[in-house]
Amino acid sequence: MRISDRMLHNTIRSNLSANQRRMLAVEDEITSGKKVRKPSDDPSAVASILRHRTDVAANEQDQRTVSSAISRLSAADGALDTVTQILHRATELAVQAGSDAIGQEHLQSIGAEVNELLKQVVQTGNTRFTGQYIFSGSKTTTPAFEATGDVPATVTYNGNAEPVTYELNGGVAIRVDVPGEEALRSTIDALMSVRDMVNSGDSRRAAETGLGAIEDALDQVLLVRGSVGARVNMMEETEVRLGDQNTNLKGLQSRLEDIDLTDALVRFNSARTTYEAALGAAAKAMLPSLVNYLQ
Amino acid sequence: MPLSVGLDTAVSGLRVAQYSVDTAAHNIANADTEGYSRQEVMQRAVPPPRSRYGAGGVPYQQIGHGVEMSGVRRLRDALLDTQYRDVRGRHDEYLARSSALDQTEVIINEPSDQGLQARLSEFFNSFKDLATQPESVAARAATVEEGVTLASAFNRTANMLAYQRESLDVSLDMKVADINAKTTEVASLNKEIHRMSVTGASANDLLDRRDLLLDDLAGLAGATSKLDDQGMVQVFVGDDLIVDGVDSFALTTQPDPGNNNLRQVVFADGAAPLDFTSGEVFATIAVRDGEVSDMIASIDTLAETLITAINDAHQGGYGLNNVTGLDFFEGDSAATIKVNETLRGSPESLATSARPDEPGNTTVAVALAAVGDQKLMSGGTATLNDAYAMDVAKLGIASRQSTLLAENQVALLGHVDNVRQSVSGVAIDEEMANLIKGQKAYQASAKAISAIDEMLDTLINRTLR
Amino acid sequence: MTTQTDPQTAIISVLEEEQRLCTRLLAVAEAQRDALIAQDIDTLPALVREMEGIGGIVEQLEAGRILEMERFTGSQDEAALPLRAVLARFPEPSRTRAEQLRESLSDVIQRLHTVNVGNAALARQALQITDQQAHLLRATVPVTYSTGGAPTNPETAGRAWWA
């Protein structure tokens with residue numbers, strides 16, 4: 001086959017073009033750090049990559065949700081701890097009230113303190129966490145307990161018993177509510193009855209029945225705290241699991257998406273060397289030196 | 001008298017020599033011209049007259065009597081041309097496809113943090129986030145904003161895809177105009193070439209130009225050609241003639257009501273449609289009606305499904321202000337989807353609770369988030385994200401395939417062109433080697449002639465006087 | 001050339017040989033003319049060699065003839081005598097023969113001279129045409145590279161040759 005100059009030029013040109021394209025493609029990989037910059041770079045991988053990104057984002061959202069749940073439940077637990085301390089104090093006071101040696105003045109001050117404790121319990125029952133009333137059930141914008149007056153005669157529960165659930169990926173539901181009525185009614189009633197009995201002078205009965213009521217209330221609060229604690233434990237385990245999952249997912253994502261820099265650099269150098277060699281060869285092959293003869 | 005024979009010889013020789021120079025100059029000047037076929041002056045010696053002896057007793061056959069041209073031959077192989085055009089049609093087709101699909105990939109912009117995948121993911125996750133603090137107006141506003149961002153992403157993608165489809169459509173007008181210009185020229189060349197061949201003149205340059213146009217028509221329209229018995233060319237698209245000897249048949253575009261009023265290529269006279277099977281026009285139509293239209297439909301289905309499912313879950317829910325029965329999204333397609341304005345002005349109206357007066361109830365917020373996990377697409381087998389991922393992968397496959405095919409065709413075309421060139425190309429090297437050989441010969445001759453001249457001078461003027 | 005032969009015979013031999021050679025040379029010159037017209041550069045070198053060869057021999061023959069003429073006239077001064085005058089002093093029948101030879105040699109050489117002058121013009125023209133063609137060829141070379149293959153312009157040197 002005779003080789004014409006146009007043929008030679010065409011072949012050289014298309015080879016150089018292909019070499020250059022290869023070099024630029026690797027360069028693009030390196031600067032972006034990503035193996036797959038558009039779907040056609042690796043169509044079989046791109047669907048996995050997209051699904052994977054969704055999974056990673058969902059996992060990270062779940063991590064935030066779990067963290068929120070733990071914080072909210074911890075706030076509830078903290079509140080219930082306060083109530084427990086209050087009940088312990090109430091126990092002390094009730095015992096004092098029951099002693100034969102108690103004086104009238106002392107009794108009065110006990111009554112006042114128990115009143116304060118009652119109001120504190122109401123206040124604690126109205127704890128807010130990021131703007132939500134955590135003991136109101138699902139009526140989270142409504143304070144759980146209402147007590148009017150300085151010495152409230154009744155404490156009304158204005159919340160409900162509906163659950164507040166957070167959900168994780170896969171339909172896993174977490175209850176984060178602590179229904180105030182269930183948790184604190186016995187405490188409130190116990191304190192109120194002790195106060196009333198003390199104030200009416202019935203200090204012996206206040207001590208006898210009061211202590212019993214306070215003990216029942218403590219049991220109840222403990223029970224509720226136990227359930228909260230159990231949920232917190234579960235959440236903390238979930239948190240760890242989600243963290244591990246996140247590490248795995250991110251590792252997998254990196255393997256899918258990110259370039260191996262060393263490998264890419266080697267390929268780039270190879271492509272560039274090839275390209276430069278082709279340029280050199282092209283220059284030499286180019287034109288006949290015969291034409292020089294006439295210069 | 002030998003002298004007069006000498007003169008005639010010299011004159012005929014000069015005429016041929018001049019023509020040779022012109023041809024060689026022509027060849028050289030066109031060395032780089034696309035489509036140029038090498039021309040060769042075919043020379044033959046004039047046969048000697050019948051008497052066998054000339055002056056000085058030297059037999060005639062040792063002396064030349066001049067040359068005459070027997071025509072200028074055009075070096076070209078018709079079979080190679082057909083092969084070339086076949087490959088060229090596919091080459092231009094795959095390049096056009098590859099280029100268009102590249103553009104579509106840029107529009108889709110995946111994988112990325114700004115693509116629909118990321119936006120959908122963020123949107124659903126924001127409802128999960130909201131479920132942990134539905135009482136917060138700020139959190140609600142943020143979720144509404146995610147909806148706005150998602151709707152914008154749908155709008156933008158839909159608009160850009162529609163724009164690409166329209167561009168592809170409009171480009172058909174330009175390509176058809178190009179085809180028409182070329183077929184008109186082919187017909188006029190047919191006429192001119194025929195006229196010249198009847199008078200015996202050589203039409204090599206015109207033939208080259210016509211062949212070049214046929215190459216281009218193969219690339220544009222997948223056109224094939226045939227020489228008729230008059231030496232004129234007929235050009236076909238499929239079975240339809242677009243050039244028949246001195247006549248060319250113009251094409252035009254018209255809207256096709258059966259295809260969204262997108263353009264159809266038809267004959268200007270009679271509006272019969274053409275059946276393209278390769279070439280640039282074919283590729284343009286195929287991508288317009290195929291991958292791009294498919295992607296537009298997919299994105300629309302995605303948007304419609306999302307709108308319906310979100311609204312279904314949202315309407316039954318209650319906002320912080322106990323408002324119920326609202327739509328989250330308005331619109332019915334990817335281009336028209338937008339967030340209900342009411343929600344933008346009043347994020348408290350965003351429904352998160354299943355019952356009034358229970359702001360802590362997160363049932364609806366959770367249900368809205370769950371739309372992302374429901375298998376609403378592909379006949380109940382895929383989630384929104386899954387379906388989208390598959391559409392993106394499909395586009396990637398089509399794009400990669402056409403890039404690879406295009407690369408193959410480029411290499412193949414280069415090879416076929418080279419084979420074609422080896423028959424008709426001009427080799428500068430060969431020409432130059434000839435010139436140098438000639439120079440040496442003439443210079444040596446001139447030197448010898450001069451030496452003899454001196455000798456003869458001496459003999460005539462000194463010796464023999 | 002031996003001294004045994006007498007000068008007349010020697011001179012006549014030279015003239016005969018010269019006539020034979022110049023007739024041959026005429027044929028070569030005519031062939032050269034045809035080759036120049038037809039641009040037949042394959043044949044030209046052989047013809048040139050023959051011309052040079054014959055020219056060389058004729059030179060030698062001429063040198064020999066002058067020696068013989070000196071011998072005949074007996075002195076170098078008389079070598080300045082034209083050939084005609086010398087031949088007139090030959091005895092018969094040599095004289096007639098020599099005269100005839102001189103006539104026909106003169107004839108051949110005249111004709112040869114005519115063809116040769118024509119050939120000089122043809123060779124000049126052929127060289128001109130060749131130079132024209134080479135000039136055109138030179139013009140087709142792409143601008144960024146010199147004909148030796150090296151880039152001419154340092155700025156374009158880094159770019160691809162078609163850029």
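Residue numbers begin at 1 in each chain, while the letters A, B, ... track the order of the sequences.
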Checking side chain to side chain contact (heavy atoms under 4.5 Å, CB included) for the pair C/Glu52/B/Ile452: CA distance, chi angles, key distance, verdict?
CA-CA 8 Å; C/Glu52 288 170 353; B/Ile452 296 295; over 6 Å; no
With side chain to side chain contact (heavy atoms under 4.5 Å, CB included) as the criterion, how do B/Gln439 and C/Asp131 come out once you've worked through the C-alpha distance, each side chain's angles and the decisive distance to 0.1 Å?
CA-CA 8 Å; B/Gln439 263 203 335; C/Asp131 277 348; 2.7 Å; yes
Take B/Met455 and C/Asn116 through the side chain to side chain contact (heavy atoms under 4.5 Å, CB included) test and state the conclusion after the steps.
CA-CA 11 Å; B/Met455 179 188 87; C/Asn116 209 40; over 6 Å; no
Under the side chain to side chain contact (heavy atoms under 4.5 Å, CB included) criterion, do C/His113 and B/Leu459 qualify, and how do the steps go?
CA-CA 10 Å; C/His113 182 68; B/Leu459 282 173; over 6 Å; no
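Between chain B and the residues C/Glu103, C/Gln110, C/Met51, the most heavy-atom pairs under 4.5 angstrom are made by C/Met51. Top candidate by heavy-atom pairs under 4.5 Å with chain C, chosen from B/Ser450, B/Ser445, B/Ala446, is B/Ser445. Note on C/Gln32, C/Arg124, C/Glu59: by heavy-atom pairs under 4.5 Å with chain B, the leading option is C/Gln32. When each of C/Ala123, C/Ala29, C/Gly118 is scored by its heavy-atom pairs under 4.5 Å with chain B, the top score falls to C/Ala123.
Considering all non-hydrogen atoms of both residues, B/Ala448 and C/Val48 come closest at CB-CG1, 3.9 Å.
For the pair C/Gln39 and B/Tyr442, the minimum side-chain heavy-atom distance is below 4.5 Å.
Only the side chain of C/Leu25 comes within less than 4.5 Å of a heavy atom of chain B; its backbone N, CA, C and O stay farther away. For B/Ala451, no part sits under 4.5 Å from any heavy atom of chain C, backbone or side chain.
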